Amino acid sequence: TDPLVSHGRHFGRAIDAFCKPFPLIKEGVARARSSICSCDHKGGSLPSKREHRVFQELLKLSPGLDNRVLKASEQELHYIADMFRKGAAASRGDDTKSLKSVIIDWITPPGGSLVPPLSRNIKTDRGYYHYTTGRLLCPVVLDWEDEEVRKSLRSGEIVVSGNDWHSFLYVGYKLNPEKPWEGFLRSDLLLSAFKHVFTSPSSVERDVRATRSGNAELHGMQSVTVGSLAYIATMVVRFALSSNSVFTRNDKATASEIFYRDIVNFLEKETEKKEVEALLGWWNSFVYLLFSFSHQPLTTSQANFPSLSCRV
DNA sequence: ACGCAGTGGAACGGTCGTAA
DNA sequence: TTACGACCGTTCCACTGCGT
């Protein structure tokens with residue numbers, strides 16, 4: 001298969017999970033072409049800064065792609081975009097599939113069991129219907145111990161959206177109202193899911209049994225990105241923990257895409273810059289430890305890739 | 001509002017390469 | 001030989017747009 005599909009897999013996981021590749025590429029190419037011929041026309045809608053950056057990141061994933069898209073016909077642009085779309089969809093499918101069952105292990109208390117038990121491959125009794133998944137999904141500003149809260153969440157009387165971040169995003173599942181950044185996006189559950197997807201499923205446990213390179217290594221991932229954090233959070237909250245049996249990007253009950261965008265937008269706010277740098281540094285140091293412990297000797301094909309620990 | 005067809009996307013069974 | 005983990009192919013489902 002076309003290596004673009006593989007690049008698309010990483011694009012979805014680490015850069016932008018939900019964008020439509022064709023408009024992104026087409027508009028990016030149009031901007032590049034117009035600046036090359038120095039026509040300097042300001043036609044069309046002004047792209048957001050982010051949109052332009054995502055386009056640049058996409059080009060970086062595939063060697064020579066920048067020149068290729070500049071010369072490409074409309075038809076070829078469609079083809080390239082379709083390969084990226086396919087890859088992103090495939091990786092999402094694989095991740096939902098594997099996280100769905102393994103998350104049961106992570107939320108089961110060590111040495112204990114879930115009451116009532118949850119099936120590894122059936123999701124209907126997850127979400128707010130189960131005490132454990134409900135506690136993790138409950139907005140951190142609400143008190144899950146309050147029976148009225150539980151009732152309202154189950155009946156849909158309380159609709160969770162926007163910046164009502166879920167408890168599982170926080171260390172200890174608790175918010176410190178004085179310091180809202182404390183423990184935010186640093187929970188064990190997120191860390192496990194991140195390792196599962198980006199280093200290897202077995203790297204979540206102590207003894208790494210991987211026989212192949214993980215996704216981060218395969219794609220030369222240099223550091224934890226905002227996109228990858230949002231992706232992991234979305235996969236966990238909106239799919240693995242929820243009671244929806246189907247992952248949909250814009251259905252009202254899960255609203256995965258909205259959740260993802262909320263996280264990304266928040267982390268890219270100028271006002272949060274300092275905290276976000278600290279957050280990414282924290283993640284990078286964790287992943288660095290993990291990566292160096294699990295490291296297999298590099299093969300020649302892998303030796304060209306920078307190690308995951310390059311930055312921060 | 002309804003039926004219809006086309007399309008994209010998610011689930012899942014399976015394959016294949018790798019390393020112990 | 002076996003376990004592991006990335007990736008692929010098939011099938012099914014939900015959404016969209018169109019005509020009536």
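What you see is a predicted model; the values in this text were computed from it and never measured. Side chains included, hydrogens not; waters and symmetry mates left out as well; all remaining heavy atoms used. In what follows, every chain begins at residue 1, and chains take the letters A, B, ... in the order their sequences are listed.
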Undergrad: Closest approach to the side chain of A/Leu218, judged atom by atom: which nucleotide of C/dC7, C/dG5, B/dA11 is it?
TA: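 Selected nucleotide (nearest to the side chain): C/dC7.
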Undergrad: Would you find a donor on one side and an acceptor on the other, under 3.5 Å apart, between the side chain of A/Trp283 and the backbone of A/Leu191?
TA: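 Answer holds: no.
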Undergrad: Please identify each residue that fulfils side-chain contact (heavy atoms from CB on, under 4.5 Å) with A/Glu147, with sequence neighbours left out.
TA: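 Partners of A/Glu147 under the side-chain contact (heavy atoms from CB on, under 4.5 Å) test: A/Arg150, A/Lys151.
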Undergrad: Using whole Å, report how far NE2 of A/His78 lies from P of B/dG8.
TA: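 In whole Å, B/dG8 P lies 11 Å from A/His78 NE2.
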Undergrad: Can you tell me how far P of B/dA10 sits from CE of A/Met235, to the nearest Å?
TA: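 In whole Å, B/dA10 P and A/Met235 CE are 9 Å from each other.
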Undergrad: Rounded to the nearest angstrom, tell me the gap between atom CG in A/Asp95 and atom P in B/dA11.
TA: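 Atom CG in A/Asp95 sits about 11 Å away from atom P in B/dA11.
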Undergrad: So which nucleotide from C/dC4, B/dA11, C/dA6 ends up closest to the side chain of A/Ser202?
TA: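 Nearest nucleotide to the side chain: C/dC4.
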Undergrad: My understanding is that only residues two or more places apart in sequence, or in another chain, count here; which of them pass salt bridge (charged side-chain N to carboxylate O under 4.0 Å, His left out) with A/Asp143?
TA: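 Once residues adjacent in sequence are excluded, A/Asp143 has no partner under the salt bridge (charged side-chain N to carboxylate O under 4.0 Å, His left out) criterion.
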Undergrad: Let me have the donor-acceptor pairs involving side chains of residues 167-179 of chain A, under 3.5 Å, with sequence neighbours excluded, atom names and distances please.
TA:
| from | atom 1 | to | atom 2 | distance (Å) |
| --- | --- | --- | --- | --- |
| A/Ser167 | OG | A/Cys138 | O | 2.7 |
| A/Asn176 | OD1 | A/Glu178 | N | 3.0 |
| A/Asn176 | ND2 | A/Glu182 | OE2 | 3.2 |

Undergrad: Taking N or O atoms only and anything under 3.5 Å, show me the protein contacts with nucleotides 12-15 of chain B, one pair per line.
TA:
| from | atom 1 | to | atom 2 | distance (Å) |
| --- | --- | --- | --- | --- |
| B/dC12 | OP1 | A/Lys100 | NZ | 3.4 |
| B/dC12 | OP2 | A/Lys100 | NZ | 2.8 |
| B/dG13 | N7 | A/Lys97 | NZ | 2.9 |
| B/dG13 | O6 | A/Lys97 | NZ | 3.1 |

Undergrad: Only counting residues at least two apart or in another chain, list the ones meeting ring pair (Phe, Tyr, Trp, His ring centres under 6.0 Å) with A/Tyr231.
TA: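 Per chain and number, A/Tyr231 pairs via ring pair (Phe, Tyr, Trp, His ring centres under 6.0 Å) with no residue.
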Undergrad: Less than 4.0 angstrom between a side-chain N/O of A/Arg92 and OP1 or OP2 of B/dA10, yes or no?
TA: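 Yes, such a contact exists.
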Undergrad: A/Val5 has a side chain; which of C/dC7, C/dC8, C/dC4 sits nearest to it?
TA: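 The nucleotide sitting nearest to the side chain is C/dC8.
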Undergrad: Atom CG of A/Leu99 to atom C1' of C/dA6: distance rounded to whole Å?
TA: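 It works out to 14 Å between those atoms.
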Undergrad: Kindly say if A/Arg85 contacts the phosphate of B/dG8, meaning a side-chain N or O under 4.0 Å from OP1 or OP2.
TA: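 Negative; the distance criterion is not met.
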Undergrad: Once the angle between the rings of A/His52 and A/Phe55 is folded into 0 to 90°, is it parallel (under 30°), tilted (30 to 60°) or perpendicular (over 60°)?
TA: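 Tilted.
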Undergrad: Please give, in whole Å, the distance from C/dA6 C1' to A/His196 NE2?
TA: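 My rounded result for the distance is 11 Å.
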Undergrad: List in chain and number order the residues that pass ring pair (Phe, Tyr, Trp, His ring centres under 6.0 Å) with A/Phe84, two or more places apart in sequence or in another chain; answer none if no residue qualifies.
TA: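 In terms of ring pair (Phe, Tyr, Trp, His ring centres under 6.0 Å), with neighbours along the sequence ignored, A/Phe84 is linked to A/Phe11.
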Undergrad: Quick one: is A/Ser200 getting a side-chain N or O under 4.0 Å of the C/dG5 phosphate, OP1 or OP2?
TA: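 True: A/Ser200 side-chain N/O within range (under 4.0 Å) of C/dG5 OP1/OP2.
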